[in-house]
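Remarks on the structure that follows.
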Number of protein chains: 2
Amino acid sequence: MSMIDGTRVKETSATHGAYVTLREMILTGALPAGEKLKIEQLRGLLNTGASPVREALSLLTSDMLVERIDQRGFRAAPASKANFEEILALRCTLEDLALRQSIQNASPAWEEKLVLAHHHMKKASGQGTKLFEEAHKKFHMALLANSHSPILERLCAQLYDLNIRYRYLAAKSNTYQKRDVSAEHEEILEAAIQRDQDRASARLLSHYRLTGEYLTRELDI
Amino acid sequence: MSMIDGTRVKETSATHGAYVTLREMILTGALPAGEKLKIEQLRGLLNTGASPVREALSLLTSDMLVERIDQRGFRAAPASKANFEEILALRCTLEDLALRQSIQNASPAWEEKLVLAHHHMKKASGQGTKLFEEAHKKFHMALLANSHSPILERLCAQLYDLNIRYRYLAAKSNTYQKRDVSAEHEEILEAAIQRDQDRASARLLSHYRLTGEYLTRELDI
DNA sequence: TTCTCCAAAAATATCGATATTTATTGACAT
DNA sequence: ATGTCAATAAATATCGATATTTTTGGAGAA
């Protein structure tokens with residue numbers, strides 16, 4: 001516990017804090033793909049002990065964001081066009097499945113959450129990228145959240161994050177795309193609410209593939 | 001390093017050793033699903049320190065074999081019929097995809113590895129279950145090993161392991177099934193070598209679904 | 001030069017001890 | 001009886017130090 005403004009603040013565990021920070025740094029490229037991740041160095045950066053750092057790195061291994069090298073420590077997972085394309089293809093397969101299942105199980109409660117997630121994303125649109133990114137992920141996960149298949153949802157979330165990394169990589173040296181992404185979102189939402197599996201899935205996949213093509217063009221790795 | 005018969009034996013790291021042992025114990029049910037996994041207790045069991053145990057448990061979390069509970073340690077992942085059915089369904093989707101890709105990329109080298117894997121599995125057939133289990137997994141993974149999609153292959157391997165656990169759970173109180181499983185394997189192999197995607201996939205999925213039905217009957221969780 | 005081998009340095013993996021947090025127990029009030 | 005609360009016990013999370021392992025750098029041989 002610590003005190004801020006006389007209010008008790010339950011701090012997240014050191015491990016979890018390290019996990020969140022490192023994850024963010026890898027996703028945004030602050031820790032470049034392929035880079036060696038030295039415990040001592042990170043220990044300093046995160047202001048914590050070696051144990052939490054090691055454990056956070058272990059956890060990031062599950063997320064495929066960090067690789068463990070035999071007895072030689074850790075490194076940020078390498079990035080490549082092939083890897084990006086694999087992620088894109090897998091996402092299309094798995095999200096297609098998850099979205100269809102979500103729609104099959106459609107319920108008013110799910111619909112409402114979906115509408116709200118979309119609303120929040122629209123509101124966050126102008127503001128700082130960070131906030132929008134969060135809302136964007138929540139919207140996409142809300143689409144899949146009714147699939148009744150927790151493992152599938154987990155995989156989709158994981159692949160979503162892996163994909164984000166490539167967005168940041170491409171953003172490094174780009175002229176920003178001027179597709180009407182928000183119109184695409186509206187269309188996906190509309191089709192989902194109408195419970196039209198084929199249309200919703202087609203639009204979702206097109207949304208991903210358009211972004212994919214754009215990223216493939218920008219990436220030089 | 002340690003010496004056995006005057007031969008230097010490179011010991012696997014304590015973490016890796018703990019990982020392998022714990023994994024085996026969870027898969028076979030020596031550590032029952034849902035059970036609390038106390039560090040001290042495992043530390044004694046595995047004859048090692050707390051750090052390797054913690055790290056092994058972290059790694060098993062990636063494999064969905066262990067769950068981390070907030071600040072209350074770890075437990076073996078719970079098992080349920082719903083979970084089993086989800087795993088079965090996902091395996092069918094993902095292995096279908098991986099097998100088709102493998103066949104699309106078919107090469108003599110892959111074919112040969114496949115034939116060998118099948119051969120080894122047949123030879124291991126009578127012998128101790130452990131050896132056959134290993135060969136069986138290798139055969140199934142060999143089918144998918146040419147998909148050129150490492151993430152997909154990894155997911156399939158993970159789901160394969162999750163499924164094994166249910167085989168052991170069902171085996172606890174069962175009359176052994178007398179399906180001609182080896183004939184099913186032959187048919188899958190044959191179709192794959194003939195590069196017939198539809199037939200190979202249909203047979204593979206039928207193989208899984210038959211086992212699935214059988215397990216669903218036997219399971220009482 | 002290029003290669004091999006050995007010491008020095010750096011980094012990782014592991015241990016044992018301590019600080020925190022969570023779970024348990026039993027006394028006390030209702 | 002039943003429920004609450006504090007004290008105790010148990011377990012987890014974290015630290016600092018040590019033992020191993022890998023990497024580096026350079027001396028000497030081919």
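All chains are named by letter (A, B, ...) in the order of the sequence lines, taking the proteins before the strands, and each is independently numbered beginning at 1. Reckoned from all heavy atoms, side chains included, excluding hydrogens, waters and symmetry mates.
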Quiz: residues 116-124 of chain A side-chain donor-acceptor pairs under 3.5 angstrom, not counting sequence neighbours:
unit_1: A:H120; atom_1: ND1; unit_2: A:L116; atom_2: O; d: 3.3
unit_1: A:K122; atom_1: NZ; unit_2: A:E186; atom_2: OE2; d: 3.3

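- Once rounded to the nearest 0.5 Å, the distance linking CZ of A:F74 with CG of A:L42 reads 10.0 Å.
- Across the protein-nucleic acid pair, B:R68 atom CZ and D:dT12 atom P stand 12 Å apart, rounded to whole Å.
- Across the protein-nucleic acid pair, A:Q71 atom CD and C:dT14 atom P stand 6 Å apart, rounded to whole Å.
- Within the structure, salt bridge (charged side-chain N to carboxylate O under 4.0 Å, His left out) contacts touching residues 101-120 of chain A (residues at least two apart or in different chains) are A:E111-A:R195.
- Among residues at least two apart or in separate chains, salt bridge (charged side-chain N to carboxylate O under 4.0 Å, His left out) pairs with a member in residues 26-42 of chain A are A:E40-A:R43.
- When the ring-ring contact (aromatic ring centres under 6.0 Å, His included) test is applied to B:H185, the partners found at least two apart in sequence or on another chain are B:H136, B:F139, B:H140, B:H207.
- Looking at residues 45-66 of chain B, you'll see B:R54 sit with a heavy atom under 4.0 Å from some atom of DNA chain D.
- Residues of residues 32-40 of chain B that place a heavy atom closer than 4.0 Å to DNA chain D, in numerical order, are B:K36, B:L37, B:K38, B:I39.
- A:D161 pairs by the side-chain contact (heavy atoms from CB on, under 4.5 Å) definition with A:R23, A:L27, A:K137, A:I164, not counting sequence neighbours.
- Rounded to whole Å, atom P of D:dA13 lies 10 Å from atom CZ of B:R72.
- Contacts of A:L59 classified as side-chain contact (heavy atoms from CB on, under 4.5 Å), with partners at least two apart in sequence or in another chain: A:T15, A:Y19, B:S58, B:R68.
- Pairs of residues two or more places apart, or lying in two chains, that qualify as salt bridge (charged side-chain N to carboxylate O under 4.0 Å, His left out) and include a residue from residues 75-93 of chain A are A:E67-A:R75, A:R91-A:E95.
- In this structure, A:F74 places its CZ atom 22 Å from P of C:dA10, rounding to the nearest Å.
- For B:F84, the ring-ring contact (aromatic ring centres under 6.0 Å, His included) partners at least two apart in sequence or on another chain are B:Y166.
- Identified under the salt bridge (charged side-chain N to carboxylate O under 4.0 Å, His left out) test for residues 140-150 of chain B, with sequence neighbours left out: none.
- Per the geometry, CZ belonging to B:R43 stands 16 Å off P belonging to D:dA13, to the nearest Å.
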Detail all sub-3.5 Å separations between protein N/O atoms and N/O atoms belonging to nucleotides 5-7 of chain C.
none

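- One side chain, B:S147 or B:E153, offers a donor N or O that lies under 3.5 Å from an acceptor on the other.
- A:I69 places its CD1 atom 19 Å from the P atom of C:dA10, with the value rounded to the nearest Å.
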